[in-house]
There are 2 protein chains.
Amino acid sequence: MGTALQRTITQLRSEDREFFQIAISVDCVIFGFDKNELKVLLIKSDLEEFNNQWSLLGDLVRPDENLDTASYRVLKHRTGLDDVYLEQVYTFGEVSRHPAGRVISTAYYSLINIKDHQPMLTDNELHWHPVNEIANLAFDHKTILDTCLERLQSKIEEHPIVFNLLPEKFSLRELQNLYEAILGVKMDRRNFRKKFFLMNWLEDMNELEQDVPHRPGKLYRFNAARFSNGKKTQTPVPVL
Amino acid sequence: MGTALQRTITQLRSEDREFFQIAISVDCVIFGFDKNELKVLLIKSDLEEFNNQWSLLGDLVRPDENLDTASYRVLKHRTGLDDVYLEQVYTFGEVSRHPAGRVISTAYYSLINIKDHQPMLTDNELHWHPVNEIANLAFDHKTILDTCLERLQSKIEEHPIVFNLLPEKFSLRELQNLYEAILGVKMDRRNFRKKFFLMNWLEDMNELEQDVPHRPGKLYRFNAARFSNGKKTQTPVPVL
DNA sequence: TCAAAAGTGTTGTTTCTACACCCATGG
DNA sequence: CCATGGGTGTAGAAACAACACTTTTGA
C-alpha cells in the first residue's frame with residue numbers, strides 16, 4: 001500500500017514527475033513599530049494582475065535551501081538585517097492563490113527595530129505601512145497578514161518577544177504603547193507597570209529619557225537572563 | 001527588483017524550471033482516544049532506510065489539489081472517515097528531512113472517534129499507538145507528532161474540540177479522562193465539573209451509563225449551539 | 001505657573017485551588 | 001453489605017480590574 005512519498009529517490013524522480021509542478025515560496029510579514037503604530041514592510045507588486053497593489057516580501061524557495069533559511073534570506077535582502085526574530089505561522093496552499101501557477105507559500109512574521117532599517121528606505125518600492133490602514137493587498141496577502149497578526153497577538157501574551165521591535169533602551173510608556181498597538185486595546189498604566197515588574201524581564205538602566213517636554217521616564221532594557229524567572233514557570237508535570 | 005515569484009506564468013515555467021524540484025506532501029497526525037489513552041494512527045514505513053519503523057500517514061500533494069484537500073484525502077483513504085476535525089499546524093522544510101529527495105511537508109492533526117474507524121483495522125499495516133509509548137518514528141515524524149500534540153494541548157485550553165474524540169454521548173468522567181490524557185495532568189473532579197457546567201457546552205441527555213459496576217454517571221453531548229455562550233466571549237474591542 | 005506625562009497603592013471582584021462526605025449501583 | 005465511582009459546596013489564595021493624587025520636567 002505504498003504511496004509516491006514512500007518510494008526511493010530514483011523511483012520518485014522517474015515515476016512521479018507530475019508532482020514536481022508545484023513551486024514553494026516564503027512570504028514574510030515584517031513588523032516594525034514607529035510613532036506608536038504597528039507597521040508592516042510592503043513592496044509594490046510588479047505583477048500585471050496586481051498593478052499598483054502592495055504585497056508582502058517573499059521569494060521562491062531554492063531546491064537546496066531550508067524553509068527558514070529562505071525567510072532569513074528574504075529578510076536580509078530587504079532590510080539588511082541579520083539575526084532577527086522570525087516565526088513560521090501557516091502555509092497557504094490554495095490551488096488558485098497565485099496567478100502565475102501553483103505556488104504554495106509558507107508565511108513567516110518577523111519583528112525588527114524599525115530604526116535599524118532606515119537606510120534601505122531609499123528603495124522607493126519598499127514602504128512601511130500602518131497595519132491598521134491596510135485594506136487589501138495583492139494575492140492572498142491580506143489574509144496572510146491577518147493570520148500573522150493574530151499569531152503575534154497571542155504570542156506576546158506569554159512570551160517576551162516584543163522587545164525585538166524596540167531600541168535597546170526604552171521607557172515603560174513606549175513598551176505599553178507597543179502592546180496597545182499590537183493588541184488594539186487600551187491598558188491601565190498602573191496595572192501594566194505592576195505586571196511587568198512582577199515578570200522580572202526588565203533591567204533598570206538608571207538613565208532617563210532625553211528631550212521630552214515633560215517629566216522624563218526611566219529607561220529599561222530587556223534582560224533575557226531573567227526570562228523564566230517570571231511567574232509562568234511551573235510547567236505542568238506529565239502524569240505518566 | 002522583481003523576483004521569480006512576481007513574474008507571469010509563462011516566464012515562470014520557462015526561466016525558473018530549477019524551482020520545480022521540490023515536492024510537497026501532507027502528513028496527518030490522526031489522534032484517537034481509547035481505554036483512557038491518547039493514541040495516534042501509524043503505518044509501517046515501506047521505505048528501506050526506515051525498515052520496521054512506524055510513520056505518520058501522508059502523501060504527496062497533487063498539482064491541482066489544495067493542501068487541506070490533500071489532508072482530507074489521506075484521512076478518508078486511511079480511515080474511511082469524512083467530515084473530521086482537521087487543523088494545519090506547521091510546515092517542515094529541512095532540505096535533508098526525506099531521503100528520497102526534497103520533500104517539504106505540511107503537518108495536520110485530526111481528531112476522530114476511534115470507534116467509528118474500527119473496520120479499517122483489518123489493514124494490518126495500520127495500528128493505533130499510545131502517544132506516550134512512541135519513542136521514535138521514521139523521517140522527522142517524531143518531531144511532527146510532538147509539534148502537533150503541543151498544538152492540540154494549547155488548543156483545547158480554549159476551544160471545544162475534544163468532543164471529536166468521543167462518541168456522541170459520554171460521561172463527565174470520560175471527558176475528564178480525555179483531558180487528562182491529552183494534557184498529561186491529573187485534575188480535580190469537582191473543579192473539572194464546575195468548569196464545564198459554567199462553560200455551558202454540555203447538554204444533559206437524561207440518560208445514564210449502562211453496564212458499569214458502580215453507580216452510573218449521567219450522559220451528556222456537546223451542544224455546539226451553546227458554544228460562545230461561555231465566559232470567554234468578551235472579545236477585546238480594537239481601540240482604533 | 002502651566003501642561004504633560006511619570007510614578008505610585010489599595011480595594012473589590014473574579015478566578016483558581018484544595019479538600020471530604022454521602023449516594024447509587026452491581027456484585 | 002461491600003466496593004466502586006458519582007455527585008456535591010465551601011473557604012482561602014491568587015490574579016485581575018478599577019481608580020486619583022503627587023512629582024518632575026520643559027516651555
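So you know, we letter chains A, B, ... as the sequences are listed, proteins then strands, and number each from 1. Model, not experiment: these values are computed from the prediction.
The residue among A:Leu208 and B:His214 whose nearest nucleotide of DNA chain D is located toward the 5' end is B:His214. When each of A:Pro213 and A:Arg190 is assigned the nucleotide of DNA chain C bearing its nearest heavy atom, the one mapping closer to the 5' terminus is A:Pro213.
A:Arg189 contributes a side-chain N or O that forms a donor-acceptor pair with the base of C:dA6 under 3.5 Å. One cannot find a donor-acceptor pair under 3.5 Å joining the base of C:dA4 and the side-chain atoms of A:Arg173. A donor N or O paired with an acceptor N or O is not found under 3.5 Å between the base of D:dT23 and the side-chain atoms of A:Lys218. Between the base of C:dG26 and the side chain of B:Arg215 there is no donor-acceptor pair shorter than 3.5 Å. For B:Lys194 against D:dT10, a side-chain N or O and a base N or O form a donor-acceptor pair under 3.5 Å.
Proximity of B:Phe92 to B:Arg97: side-chain heavy atoms (C-beta onward) are separated by under 4.5 Å at one or more points. Counting heavy atoms from C-beta outward, B:Glu157 and B:Leu183 have side chains that approach closer than 4.5 Å.
Side-chain atoms of B:Gln88 never come within 3.5 Å of backbone atoms of B:Ala107 as a donor-acceptor pair (strictly under, hydrogens ignored).
If you measure from atom CG of A:Asp188 to atom P of C:dT8, you get 14 Å, rounded to the nearest angstrom. When rounded to the nearest whole Å, the span between CE of A:Met199 and C1' of D:dA15 equals 12 Å. Computed from coordinates, the A:Met187 CE to D:dC16 P distance equals 12 Å when rounded to whole Å. B:Arg193 has its CZ atom 18 Å from the C1' atom of C:dC16, to the nearest Å. In this structure, the CD atom of A:Glu207 is 17 Å from the P atom of C:dA6, given to the nearest Å. The CD atom of B:Glu174 sits 14 Å away from the P atom of D:dG5 (whole-angstrom rounding). A straight line from NZ of A:Lys195 to C1' of D:dA17 spans 12 Å, rounded to a whole angstrom. Separating the NZ atom of A:Lys186 from the P atom of D:dC16 is a distance of 21 Å, rounded to the nearest angstrom.
Within the model, atoms CG of A:Leu111 and CG of A:Asn164 stand 5.5 Å from one another, a figure rounded to the nearest 0.5 Å.
Comparing atom distances between the A:Asn191 side chain and each of D:dT25, D:dA18, D:dG9 picks out D:dA18 as nearest.
Every residue two or more places apart in sequence or in another chain that forms a side-chain contact (heavy atoms from CB on, under 4.5 Å) with A:Leu208 is listed here: A:Pro216, A:Lys218.
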